[in-house]
2 protein chains.
Amino acid sequence: MIENNQPSKKTRIRKDRREEILQEAGRLFGIHGFRGTSLSSIAEAVDLTEPGLLHYFPSKVHLLQGVLSYRDQQDSEKYNALLDAGENTIFESLEDLVAKNEKIPGLVRLFTVLVGESIKEDHPAHDYFLNRYAEFRKGLVNQLAIFIESEGLNADVDVNQLAPLIGAVMDGLQIQWLLDPEQVSMSDSFNLFSEIIVDYLKKQ
Amino acid sequence: MIENNQPSKKTRIRKDRREEILQEAGRLFGIHGFRGTSLSSIAEAVDLTEPGLLHYFPSKVHLLQGVLSYRDQQDSEKYNALLDAGENTIFESLEDLVAKNEKIPGLVRLFTVLVGESIKEDHPAHDYFLNRYAEFRKGLVNQLAIFIESEGLNADVDVNQLAPLIGAVMDGLQIQWLLDPEQVSMSDSFNLFSEIIVDYLKKQ
DNA sequence: GTCTATACCCTGATAGAC
DNA sequence: GTCTATCAGGGTATAGAC
């Protein structure tokens with residue numbers, strides 16, 4: 001008996017064509033950068049022609065913005081889960097985050113490659129990254145204050161200078177790790193950093 | 001009396017056409033990246049046509065390599081001068097380096113933008129940066145050992161994990177500073193970092 | 001929703017004259 | 001040492017058919 005047991009075309013595995021496109025585009029942007037990725041290579045990766053792809057996202061820049069907000073959405077879920085999880089301190093949460101990142105090189109690459117390109121003021125992701133870092137620093141300043149408070153420390157450290165430092169270590173380790181994963185362990189170096197900072201705060 | 005006091009064409013201000021090209025190419029690579037910079041834009045900047053430019057550097061990749069080794073040469077002179085200067089510790093030298101970098105955003109940009117692109121394994125600067133970081137870490141490991149020795153510390157820190165950390169802070173601060181120079185001071189944050197690390201080493 | 005066809009621009013690079 | 005002319009290729013995006 002010849003029956004078609006495949007799911008109907010509408011309910012196919014491809015949950016959502018848009019989402020599939022965003023994933024592939026993100027993967028390719030992470031490898032070649034935004035400028036280095038052609039629409040046709042993305043179209044090919046999702047089995048579409050170029051105009052077919054542009055039916056979902058009217059331009060390459062729209063596609064980039066789609067990728068960034070798609071990733072952001074997933075990221076913030078992950079990050080909030082880390083912060084909420086039990087009685088973790090901010091430093092334990094950050095250590096977890098770095099450890100998790102070490103398992104998803106593609107995503108780490110995406111941000112590291114794009115942020116380099118986006119230093120140019122008219123790059124379509126420039127403002128995105130500018131805001132992202134400002135928000136990240138703001139969040140850290142708050143959490144550091146909470147940490148100092150809850151541990152009963154009276155550290156006279158300027159958390160406004162400490163916050164960029166913590167982001168810097170994460171970014172800088174990503175660069176070295178992506179270039180040379182055999183030689184550089186993000187987790188090991190970050191954990192050492194974290195330990196040093198905590199020591200410093202407690203010592204004062 | 002009408003005499004031509006201009007220097008002859010041969011001895012013109014333009015010391016060397018090649019050097020002029022390397023400077024302009026470096027400037028443009030730092031803004032737009034390697035992929036984002038066209039040969040014609042470089043040619044225009046030095047008042048040449050495209051084939052005229054290719055007379056000095058047979059291809060765009062040759063030009064990039066020229067830029068990198070040209071900058072390296074100047075860099076190593078500067079870096080060695082810092083290390084040799086008096087009785088500076090490695091940390092004092094690094095603080096000086098960061099302070100100097102803060103005065104040359106163009107050069108900082110060049111390396112930050114290019115390293116992002118060069119994570120891709122077949123990028124023409126990939127091996128260059130791979131080696132550059134490996135060398136940098138190696139140098140730091142040595143200098144950290146010298147520091148620990150000369151200060152009479154018996155720190156049981158793993159300098160192999162500390163070295164990537166120091167490079168990471170410098171790179172990461174550069175990113176945030178280039179994106180948002182009003183909000184982030186490389187020097188202030190790096191000096192805090194330096195102080196924390198030195199404290200940590202002495203405390204043990 | 002996806003295609004073919006196409007417009008139009010910019011790219012790196014070469015050949016060959018001056 | 002620098003130019004004009006030219007090439008082949010790839011880029012984004014649009015018009016319009018199915």
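The basis for the numbers below is simple: all heavy atoms, side chains too, and nothing from hydrogens, waters or symmetry mates. Just so we're on the same page: letters track the sequence lines, and every chain starts at 1.
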What protein N or O atoms touch nucleotides 8-11 of chain C N or O atoms at under 3.5 angstrom, if any, and at what distances?
residue	atom	partner	partner atom	Å
C:dT11	OP1	B:Ser38	OG	3.3

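- Here D:dA13 is the nucleotide among C:dC3, D:dA13, C:dA13 with the atom lying nearest to any side-chain atom of A:Leu54.
- The side chain of A:Thr49 lies closest to C:dC3 when the candidates are D:dT4, C:dC3, C:dA13.
- Separating the NE2 atom of B:His62 from the C1' atom of C:dG12 is a distance of 14 Å, rounded to the nearest angstrom.
- Distance alone, capped at 3.5 Å, places no donor-acceptor pair between the A:Glu121 side chain and the A:His126 backbone.
- By the side chain to side chain donor-acceptor pair (under 3.5 Å) test, B:Asp72 pairs with B:Tyr128, B:Arg132, sequence neighbours left out.
- Within the 6.0 Å centre-distance limit, the rings of B:Phe91 and B:Phe147 are counted as a close aromatic pair.
- Ionic pairing of B:Glu151 and B:Lys202 is present here: one or more N-O contacts between side-chain nitrogen and carboxylate oxygen are shorter than 4.0 angstrom.
- As rounded to whole Å, 14 Å separates atom P of C:dT4 from atom CG of A:Leu53.
- A straight line from CG of A:Leu48 to C1' of C:dC3 spans 10 Å, rounded to a whole angstrom.
- For residues 90-108 of chain A, the set of pairs meeting the side-chain hydrogen bond (donor to acceptor under 3.5 Å, both in side chains) definition, not counting sequence neighbours, comprises A:Glu95-A:Ser194, A:Glu102-A:Ser187.
- Aromatic pair A:Phe34/A:His123: centroids less than 6.0 angstrom apart.
- Remark: C1' of D:dT12 and CZ of A:Phe34 are 10 Å apart, rounded to the nearest angstrom.
- Nearest to the side chain of A:His55, among C:dA13, C:dG1, D:dT4, sits C:dG1.
- The distance from atom CG of A:Leu28 to atom C1' of D:dG11 is 16 Å, rounded to the nearest whole Å.
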